2 protein chains.
Amino acid sequence: MTDVRAALRAHDINPSAQRVAIAGYVLGVTSHPSADEVWTEVKARLPSVSRATVYNTLNLFVERGLLRQLVIRGGSVVFDPNLEPHHHFVDDETGEIHDLPWDAVAVQAADDLEGYDVREMQVVLRGTRRA
Amino acid sequence: MTDVRAALRAHDINPSAQRVAIAGYVLGVTSHPSADEVWTEVKARLPSVSRATVYNTLNLFVERGLLRQLVIRGGSVVFDPNLEPHHHFVDDETGEIHDLPWDAVAVQAADDLEGYDVREMQVVLRGTRRA
DNA sequence: GTTCGTGCAAACGGTTTGCAACAAT
DNA sequence: ATTGTTGCAAACCGTTTGCACGAAC
């Protein structure tokens, strides 16, 4: 995974074996995993990796802009490698989080919001998947 | 606070002293407090109240539809007595959550979302307050 | 006297932190 | 040698739970 190493270096992150393994998993995922889920997955490839390293590494990735952190579900934070503007759908039954394309929801940016400097806008839809 | 007792009864909740105290505070608040913040405030009026009672009572209020629970910030869930449709603004600097009127943001409900039954839509804006 | 509500303390789950060992330069 | 990275265990914080006491009909 040379491109993973390159991505890490591009974000000023030393590509250690653990970081490459974690990035190799989490940068390609679409399932919005929690830190513990990432740990479980990465352990399968690199059994010696510790939970602390996974947590710290994910936080590092977020700080360095490789990853986005979403606060959508109670209990645990989830991670999303998709850095492009998009929305999220949370399945009430399964808890699964799905990406929605940005233009699936038309958000009329209310520029007339007196007193607020809006940096980002997050739209979360909740419901169930239809057959 | 007779109306608080009435509100509790209207939602099939026995108005015990603790519940009245908790409701008396949280139903009138606009600050989106966490459970622990509610506990601190209510203890000032009713020092004997326990943390467990506050947590359990807030969950009961949510179940019974007196209160809404918001997952917006990491770390802790917050409560919002405003049941009408509205949006939220999170101040990056202070962490404060402000209500935004529903029509401050025009969300074009994407009815064309194939495969999704949308039950609710949550819009969270993040940024800073302007002087 | 049975039911419901409460307080306490312990348990819990996700996450962070202190620290000593370990690479790598 | 110095600097950065890791693993382990313990600490932490928000929250839930088990249980025995107490209040109310």
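Computed from a predicted structure; not experimentally measured.
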Does the distance from a Lys or Arg side-chain N to an Asp or Glu carboxylate O, for Asp117(A) and Arg130(B), drop under 4.0 Å?
yes
Can a donor-acceptor pair be found, under 3.5 Å and without considering hydrogens, that links the side chain of Asn14(B) to the backbone of Ser16(B)?
no
On a heavy-atom basis, the closest approach of Ser31(A) and Tyr25(A) is OG-OH, 4.3 Å
Applying salt bridge (charged side-chain N to carboxylate O under 4.0 Å, His left out), which residue pairs with at least one partner in residues 11-36 of chain A are found, sequence neighbours left out?
Asp36(A)-Arg51(A)
Using a 4.0 Å cut-off on heavy atoms, which residues in residues 54-82 of chain A reach DNA chain D? List them by number, or say none.
none
Which residue pairs pass the salt bridge (charged side-chain N to carboxylate O under 4.0 Å, His left out) test when at least one of the two sits in residues 64-90 of chain B, sequence neighbours left out?
none
Would you find a donor on one side and an acceptor on the other, under 3.5 Å apart, between the side chain of Thr57(B) and the backbone of Thr53(B)?
yes
Quick check: on DNA chain D, is the nucleotide nearest Ala52(B) upstream (toward 5') of the one nearest Val49(A), or the reverse? Name the residue that is more 5'.
Val49(A)
Gln69(A) meets the side chain to side chain contact (heavy atoms under 4.5 Å, CB included) criterion, sequence neighbours left out, with Asn59(A), Val62(A), Val77(A), Phe79(A)
Could you list all N or O pairs between the protein and nucleotides 19-23 of chain D that sit under 3.5 Å apart?
none

Residues which pass ring-ring contact (aromatic ring centres under 6.0 Å, His included) with His32(B), listed by chain and number, not counting sequence neighbours:
His88(B)
Bounds of contact between DNA chain C and chain A, in 5' to 3' order, using a heavy-atom cut-off under 4.0 Å
dG14(C) to dT17(C)
By the 4.0 Å heavy-atom rule, please label Ser48(A) as base, sugar-phosphate, or nothing.
sugar-phosphate
Looking only at heavy atoms, what is the nearest atom pair of Arg45(A) and Ala21(A), with distance?
NH1-O, 4.3 Å
Pairwise N/O distances under 3.5 Å, protein to nucleotides 3-5 of chain D:
unit_1: dT5(D); atom_1: OP1; unit_2: Arg19(A); atom_2: NH1; d: 2.7

Quick note, ring pair (Phe, Tyr, Trp, His ring centres under 6.0 Å) partners involving residues 36-63 of chain A, not counting sequence neighbours, are none
State which residues pass side-chain hydrogen bond (donor to acceptor under 3.5 Å, both in side chains) with Glu96(B); sequence neighbours excluded, sorted by chain then number.
His98(B)
Using the side chain to side chain contact (heavy atoms under 4.5 Å, CB included) criterion, which residues pair with Glu37(A)? Sequence neighbours excluded.
Pro33(A), Ser34(A)
When Ile, Leu, Val, Met, Phe, Trp and Tyr are grouped by side-chain heavy atoms lying under 4.5 Å apart, directly or through other members, which residues fall in the same group as Val78(B)?
Leu70(B), Ile72(B), Val90(B), Ile97(B), Val124(B)
